[in-house]
Amino acid sequence: MFLSVFDLFKIGIGPSSSHTMGPMTAARRFLDEVAGDDWPRPAGARVDRIAASLHGSLAYTGIGHGSDRAVVLGLAGETPQTVDPDQADGIVARIAAEKRVSPPGHPSYRFDPATDLVLDKKTPLTGHANGMAFYAYDASDRLLLKRIYYSIGGGFVVSDEELQRMKAKGSVTTEGKKVPYPFKNAVEMLAMAGRSGLSIAEMKRVNEETQMSREELDSGLDAIWSAMKGCIDRGLSQDGIMPGGLKVRRRARQLHDKLQEQWQQNRPNPLLANDWLSIYAMAVNEENAAGGRVVTAPTNGAAGTLPAVLRYWLHFHPEADQASIRDFLLTAAAVGGIIKTNASISGAEVGCQGEVGSASAMAAAGLCAVMGGTPEQVENAAEIALEHHLGMTCDPVGGLVQVPCIERNALGAVKAVTAASLAIKGDGVHFVPLDAAIETMRQTGLDMNERYKETSLGGLAVNVVEC
């Protein structure tokens, strides 16, 4: 079982890894299949028109999460990693006007977003709540190719066939990669750490370096933090109203300015660390809500929690250095991989406990590790953070990752720091194992009503009166 740190931390654009990055990736993947030779074509047939339909959670909250926009960008040949957020609206507007897409390396295809992109709320696809279907037609509108994909959280996309194989295996982890420390749960992770004498970060590093050089790994980790830091900095410099119609105003810059003033005047403030944590997290998630560049950590909806805790480490701990940033990310990825393997990081599957809850657990583990925690203390920190997010619903108002998502990231960061602090003061012995908390999250997600799983059909999404 192996999930790379780069599977958990993907650089892309907001506002949602499942609803934006996933559909964009799926659309781009469909283009590759259209151009491929592994599907039967009638003699002389040529693809002339492309269409797509979004189902389940993608249909219910697709407009608010920019899923429709993401599909159009993907069919234009863009990827979440490389698309310029400042150019995206222009690309979408041009395609709507021309009613055609012309992806690089392809002929021009007919595609009218107004009619060829359907948000189908009536026909769920059975594999996952985030389902998509793509279609290719010839000039006479004869169907030549249909493909179904699922966006399973954190920007991961699988085909219908791949999902069925993964369900049969009981795992959604990356296949075919053998590593020296193949822990699939926390019990195995602690046992391997005990036998090897290595930290969790060191074991994760050894695993990663079977796939790439140390220089490539460190460069990639540094790029992840650089993107996270850049997102915080940009979020702290912006103000105004976020898009989507709720008229929610950005607050991070204004709050940051007030904190800076207090910091310079050396005023006593017992809540200072919490204030900085909250502002860092809000800055990221305001950027995400505006469609800016973020890092899945492990998802876009939870993208602010972990960067806020890491920035807090650098802000308040003089011993923080570049090596500790890498160890933080490696430790967090190890815990995130266990959660994804045994439960889910998808709000559409298990609610916000799988997004902000997972992010808080990952951040708590990373912080505890760089503060000198033993593997047992790190596991305890992750468990504390996850346990106190169990049952959290995903109920974005208006289908937008603004209310309550932005503040939830801030509180997830505060919980992560508290969890790490509690764990580091103990000896690692605790009552509830991390694996038990993860299994509880999985079971809770199965029992949770669909209204509370990113559909905006329940919770705050229906009880908050828009002003």
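Predicted model, so just to flag it, every value in this text is computed and none were measured.
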Using side-chain heavy atoms (C-beta onward) and a distance below 4.5 Å, is [X] in contact with [Y]?
X      : Y      : answer
Tyr280 : Leu310 : no
Ile152 : Asn130 : no
Lys340 : Asp7   : no
Leu58  : Tyr150 : no
Met392 : Glu355 : no
Met242 : Ile406 : yes
Ile438 : Thr341 : no
Ser18  : His65  : no

Original post:
Going through the distances and angles, do Thr296 and Leu8 end up as a side-chain contact (heavy atoms from CB on, under 4.5 Å)?
Top reply: CA-CA 7 Å; Thr296 62; Leu8 274 300; over 6 Å; no

**OP:** Please report the C-alpha distance between Asp395 and Arg408 in whole Å, then the side-chain angles of each, then the deciding distance to 0.1 Å, and finally whether the salt bridge (charged side-chain N to carboxylate O under 4.0 Å, His left out) criterion is met.
**Re:** CA-CA 11 Å; Asp395 48 356; Arg408 277 188 181 166; 3.2 Å; yes

Salt-bridge contact [X]-[Y] (side-chain N to carboxylate O under 4.0 Å):
X      : Y      : answer
Arg311 : Asp233 : yes
Lys258 : Glu261 : no
Arg110 : Asp141 : yes
Glu161 : Arg165 : no
Arg205 : Glu208 : no
Arg142 : Asp48  : no

Looking only at the side chains, is there a donor atom on one of [X] and [Y] sitting less than 3.5 Å from an acceptor on the other?
X      : Y      : answer
Asp222 : Gln322 : yes
Tyr149 : Glu33  : yes
Thr305 : Asn409 : yes

When rounded to the nearest 0.5 angstrom, what distance separates [atom1] in [X] from [atom2] in [Y]?
X      : Y      : atom1 : atom2 : value
Thr418 : Leu411 : OG1   : CG    : 10.0 Å
Ile13  : Arg69  : CD1   : CZ    : 5.0 Å
Thr126 : Gln164 : OG1   : CD    : 6.5 Å
Cys394 : Tyr452 : SG    : OH    : 13.0 Å
Asp435 : Asn185 : CG    : CG    : 4.5 Å
Ser151 : Met21  : OG    : CE    : 9.0 Å

Can you name the closest pair of heavy atoms from [X] and [Y] and give their distance?
X      : Y      : result
Leu330 : Ala201 : CD1-O, 3.9 Å
Ala334 : Ile200 : CB-CG2, 3.6 Å
Ala364 : Ala381 : CB-O, 3.5 Å
Gly445 : Lys453 : O-NZ, 2.6 Å
Pro307 : Ala297 : CD-CB, 4.4 Å
Ser358 : Met441 : OG-CE, 4.0 Å

Verify, without hydrogens or angle tests, whether [X] (side chain) and [Y] (backbone) share a donor-acceptor contact under 3.5 angstrom.
X      : Y      : answer
Thr455 : Glu450 : yes
Asp120 : Leu54  : no
Thr123 : His55  : no
His389 : Ala385 : yes
Ser17  : Asn300 : yes
Asn288 : Asn285 : no
Lys415 : His388 : yes
Lys204 : Leu329 : no
Arg253 : Ser237 : yes
Lys247 : Ile241 : no

Subject >> More than 12 heavy atoms from other groups under 6.0 Å of CD on Glu162 >> reply: yes

Original post:
For Glu439, does the CD atom have more than 12 heavy-atom neighbours from other residues, nucleotides or ligands under 6.0 Å away?
Top reply: yes

Subject >> Passing option when Glu287 is tested against Arg293, Arg250, Lys229 for salt bridge (charged side-chain N to carboxylate O under 4.0 Å, His left out) >> reply: Arg250

Original post:
Mind checking whether Tyr135 and Tyr137 have parallel, tilted or perpendicular rings, split at 30° and 60°?
Top reply: parallel

Original post:
Parallel, tilted or perpendicular: which describes the rings of Trp276 and His256, with under 30° parallel and over 60° perpendicular?
Top reply: perpendicular

Subject >> Arg326 and its side chain to side chain contact (heavy atoms under 4.5 Å, CB included) partner, picked from Val5, Leu221, Ile224 >> reply: Leu221

**OP:** Could you please spell out the steps behind the side-chain contact (heavy atoms from CB on, under 4.5 Å) verdict for Thr440 and Leu386?
**Re:** CA-CA 10 Å; Thr440 302; Leu386 183 60; over 6 Å; no

**OP:** Please assess Tyr109 against Asp116 for the test side-chain contact (heavy atoms from CB on, under 4.5 Å), listing each intermediate value before the final yes or no.
**Re:** CA-CA 12 Å; Tyr109 302 118; Asp116 291 326; over 6 Å; no

Original post:
Stepwise, does the side-chain contact (heavy atoms from CB on, under 4.5 Å) test hold for Arg442 with Val350?
Top reply: CA-CA 7 Å; Arg442 187 189 70 83; Val350 297; 5.7 Å; no

